[in-house]
There are 4 protein chains.
Amino acid sequence: MVRVLGINGSPRKYGNTIKLLLVALKAAEKLGAETELVHLYDYDIKPCLGCLCDKQTACGYPCVIDDDMKILYDKILDSNAVIISTPIYWFAPSGVVKNFIDRLTALENMIYIDGKSWAEGKVAGVIACGNDSGCIQVVANLYATLVSMGFAIPPWALAYFNTRGDVLKDDSILLDAANVGRVIVLAAQALKRLERKWYDSDLLEFVREIRRSVEDYIRAEWEKEKSVRENIVRRAEKKIFSAVKRG
Amino acid sequence: MVRVLGINGSPRKYGNTIKLLLVALKAAEKLGAETELVHLYDYDIKPCLGCLCDKQTACGYPCVIDDDMKILYDKILDSNAVIISTPIYWFAPSGVVKNFIDRLTALENMIYIDGKSWAEGKVAGVIACGNDSGCIQVVANLYATLVSMGFAIPPWALAYFNTRGDVLKDDSILLDAANVGRVIVLAAQALKRLERKWYDSDLLEFVREIRRSVEDYIRAEWEKEKSVRENIVRRAEKKIFSAVKRG
Amino acid sequence: MVRVLGINGSPRKYGNTIKLLLVALKAAEKLGAETELVHLYDYDIKPCLGCLCDKQTACGYPCVIDDDMKILYDKILDSNAVIISTPIYWFAPSGVVKNFIDRLTALENMIYIDGKSWAEGKVAGVIACGNDSGCIQVVANLYATLVSMGFAIPPWALAYFNTRGDVLKDDSILLDAANVGRVIVLAAQALKRLERKWYDSDLLEFVREIRRSVEDYIRAEWEKEKSVRENIVRRAEKKIFSAVKRG
Amino acid sequence: MVRVLGINGSPRKYGNTIKLLLVALKAAEKLGAETELVHLYDYDIKPCLGCLCDKQTACGYPCVIDDDMKILYDKILDSNAVIISTPIYWFAPSGVVKNFIDRLTALENMIYIDGKSWAEGKVAGVIACGNDSGCIQVVANLYATLVSMGFAIPPWALAYFNTRGDVLKDDSILLDAANVGRVIVLAAQALKRLERKWYDSDLLEFVREIRRSVEDYIRAEWEKEKSVRENIVRRAEKKIFSAVKRG
């Protein structure tokens, strides 16, 4: 059984952001997933205090801040997949979503305490809604963040709407949103079977073994390219400095 | 057998961009993958002509432009996974990488000709190297692009280096690069077993079925929130306009 | 006299974020500016409620939320220039900075109440600090946001540091930070003399006058390009569909 | 007399990208500017060879590559302001625009040859058009790039359109485009009077003078915060490690 957590980052529980999230969650259910919906604005989420800048092991689960994130951490830990649906405020997620993201560091930073990110191997999708531009910038930033925390992103795990009006009238966006629910479940199922951990620190030994052969390869390439590249640099400098001299 | 295509976007075949890519490919081989390395600068890749803006079905495989992309398209089609390694020029991939990305539209746009993106279900990872900032912006943009083409992104499928000097001396970045190779193969193996297609246009019927229930949910939420929200709007306007009047 | 407001978005009042901001402010003072420093974490800044999605004129100065933003709004209104210095949390400004940015909408949205953004013509610079990548993504996003609110960005109005360690030991970054202070003041002085408003809605009449001539130009271009482009589209479709037929 | 260079990055000389650029240029002319329009696709612009990674002074004006950029460099050097109008291909400028941007390094890198960027003090605006999302990501990335080359960005120096259909029918976007032309000229006029250079390397001496006082300030702040922060770190670690122990 795949468990999907839908995270609504909009203060408006009747707007496009939540509509698309509902469609995604219903599609996930259709594929057999168990889903849960949370409204971030219903939780007290204080800003991150940046403890790990003071000491690397001072950030982990549970976070030192005693607020509603402890409920949300547990919901995420209990899920195989999350869908973050955020309104777009100034080409970025809302401040509330940002505080939530910042606080997720407590799960990711378990790398330094438990040897692995507690988000590793979970699956994520992103939905973004606004009246203006910015959707894909939000999606891109959240993808980079989520993958850096250990989440996997399935194909087509995004839906966005950057127009005024009721998104429930736009079949093609609704289809995208339903597919977010679908691919999240398909990917979570496929990856669940995978018993091994993803990031493997033991590869360091392998890295040390192959370093020499990479160096050799690079040296050979440089020998081949050397005269061409050195000639370019020489010509470039000559061209620039003659021009400077001529004024 | 997983086949991984390593794509080097740097003109310098002896620099950090290719070094990290080599490490990733060797790690992929260690996990049993067959790998191939291409240097984009060795291929004649002309800029995209934007045909699909003229007509949606005028972009597909093979592209109308008769250049070396036809070789690269086939290499991608033959691969289960790709790793794009790009230098960072002005906080973005090099122009050569960008032309390559633009031309990949011919595979993605098969949606409109063949009913599905020809990149769907392949796995991707990104490596970015530069002397300055911009790494994560490159990764984020490429992730959003690749997922929108149908690629999947595994956990930790990124490595980057934004410092001068020889990356082969930085064990922690090399470990990241090796893990790019590793997760790409693990994900490609897990997803290969998945017989079904990812994006399912037939969900449109489902979307139409559930639209009413989403509307009902939203209406109920609005009824609950209505008086609070309308009150906020009223107070907000009053506050603003009294201030304006007072000057 | 130019007044510069320095805005510290870090919870750590002894870290690199504030160090660079101090250097920038001191350089501004050296050029004759009056400066003030605020720590966002010392203020109670509640998240934006998205009122303008309910009604366009429900967002303006003063914001309906009764919190410490009223102090910050007035400080911004009293300034000619601002420098935002933010830590980088997950490749983006901290959640506190994001809430602050979201709430600035109340100044920008005066367009719909007073005919102009109350931030128009002010000058802005950005400083970003973190242990990892993301600096330029933060700078880029804030630039797009600030210019869309009516701020001007002078040349070199950025400084960033993405390394561990004490930034006060890095002369070249300190020089960048000092120049942020410098260019902010130079630009504020140059733009202060400008009496006219920037965004001019009356240009709409002009737009209507020239529309026809633009249409004519475009039509003439299309006539010139038509046969070439139509030929490309035709060849493209033929190539794709023959390939599909061949399988 | 202000000279404005309009740069069209679209292969389609009859599409929305060029339409908005024409409107901006006409508005600039209305304010008295002299304008010129170039279509990048008409020029042979080869990809950057990354010479400066081999040697810092091997990149400058004129670039070692002997192609049409030499014409474009001179047009930029002759202008007080530029407007870059680009189509959006995969949430980023077209590959042709990217190659053009990469090659502008030759002007910026004059810092290392002539002591200053040859783009310094020029004014820039950005227009982006596409059928899909990505506009503001393009604008944001180009702003960060242009400011890092020494360009200034005036308020509202952006216009974008992310919808299908003829932009000439959308008055509000046309008004934005006209204002790009307007603000570019206003800013170029205001900054032209400014005789001084922007980035001042001589501030290094000042930086060294104030370093001590910044250190003192930071030390005093740390003394104030120390017990609070150290207490947080202690509590954080204790909380995490007790949880780990409990399992």
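Values reported hereafter were calculated over all heavy atoms of this structure, with side chains retained and with hydrogens, waters and symmetry mates removed. Per chain, numbering begins at 1; letters A, B, ... match sequence-line order.
Two residues are said to be in side-chain contact when any heavy atoms from C-beta on lie closer than 4.5 Å; K26(D) and S213(C) meet this criterion. At a threshold of 4.5 Å between non-hydrogen side-chain atoms, the residues L158(C) and S148(D) count as touching. Looking at V147(D) and Y143(C), their side chains come closer than 4.5 Å, going by heavy atoms from C-beta outward.
Note: S201(C) leads A157(C), S201(C), G15(C), A220(C) in heavy-atom pairs under 4.5 Å with chain D. With chain D as partner, the option from V126(C), D176(C), V123(C) having the largest number of non-hydrogen pairs under 4.5 angstrom is D176(C). Here L168(C) is the residue among L168(C), V23(C), L174(C) with the most heavy-atom pairs under 4.5 Å with chain D. Listed options V139(C), I210(C), I18(C) were ranked by heavy-atom pairs under 4.5 angstrom with chain D; first place goes to I210(C).
Taking every heavy atom of both residues into account, A144(D) and A140(C) meet most closely at CB-CB, 3.8 Å. The heavy-atom pair separating F206(C) from K30(D) by the smallest distance is CD1-CD, 3.3 Å. Nearest heavy-atom pair, A190(C) versus L191(D), reported as atom, atom and distance to 0.1 Å: CB-CD2, 3.9 Å. Nearest heavy-atom pair across A152(D) and P155(C) is CB-CD, 3.6 Å. When all heavy atoms of R12(C) and R229(D) are compared, the closest pair comes out as CG-NH2, 3.5 Å.
For a residue to count as touching a neighbouring chain, one of its non-hydrogen atoms must lie under 4.5 Å from one of that chain's; by this rule F151(D) touches chain C with the backbone only. Interface residue L186(D): backbone and side-chain heavy atoms are both found under 4.5 Å from chain C. Only the side chain of V207(C) comes within less than 4.5 Å of a heavy atom of chain D; its backbone N, CA, C and O stay farther away. Residue contact with chain C, scored on non-hydrogen atoms closer than 4.5 Å, is absent for K226(D). Interface remark: A187(D) contributes backbone and side-chain atoms alike to the contact with chain C (heavy atom separation under 4.5 Å). Only the backbone of N141(C) comes within less than 4.5 Å of a heavy atom of chain D; no side-chain atom from C-beta onward does. At a 4.5 Å heavy-atom cutoff, the contact between E215(D) and chain C is made by backbone and side-chain atoms alike. Heavy atoms of D166(D) lying under 4.5 Å from chain C are absent altogether.
Judged purely by distance below 3.5 Å, without hydrogens or angles, the side chains of Y14(D) and R219(C) never pair a donor atom with an acceptor atom.
Sparse packing is recorded around CD of E205(C), with 12 or fewer heavy atoms of other residues, nucleotides or ligands lying under 6.0 Å away.
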Passes side-chain contact (heavy atoms from CB on, under 4.5 Å), L22(C) versus Y217(D)? Steps please. CA-CA 9 Å; L22(C) 287 169; Y217(D) 176 100; 3.3 Å; yes
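One finds the CD atom of E225(D) at 5.0 Å from the NZ atom of K13(C) (value rounded to the nearest 0.5 Å).
Side-chain N or O atoms of N179(D) include one that pairs as donor or acceptor with a backbone N or O of D200(C) at under 3.5 Å. For R182(C) (side chain) and Y199(D) (main-chain N/O), no donor-acceptor pair under 3.5 Å exists by modelled atom type.
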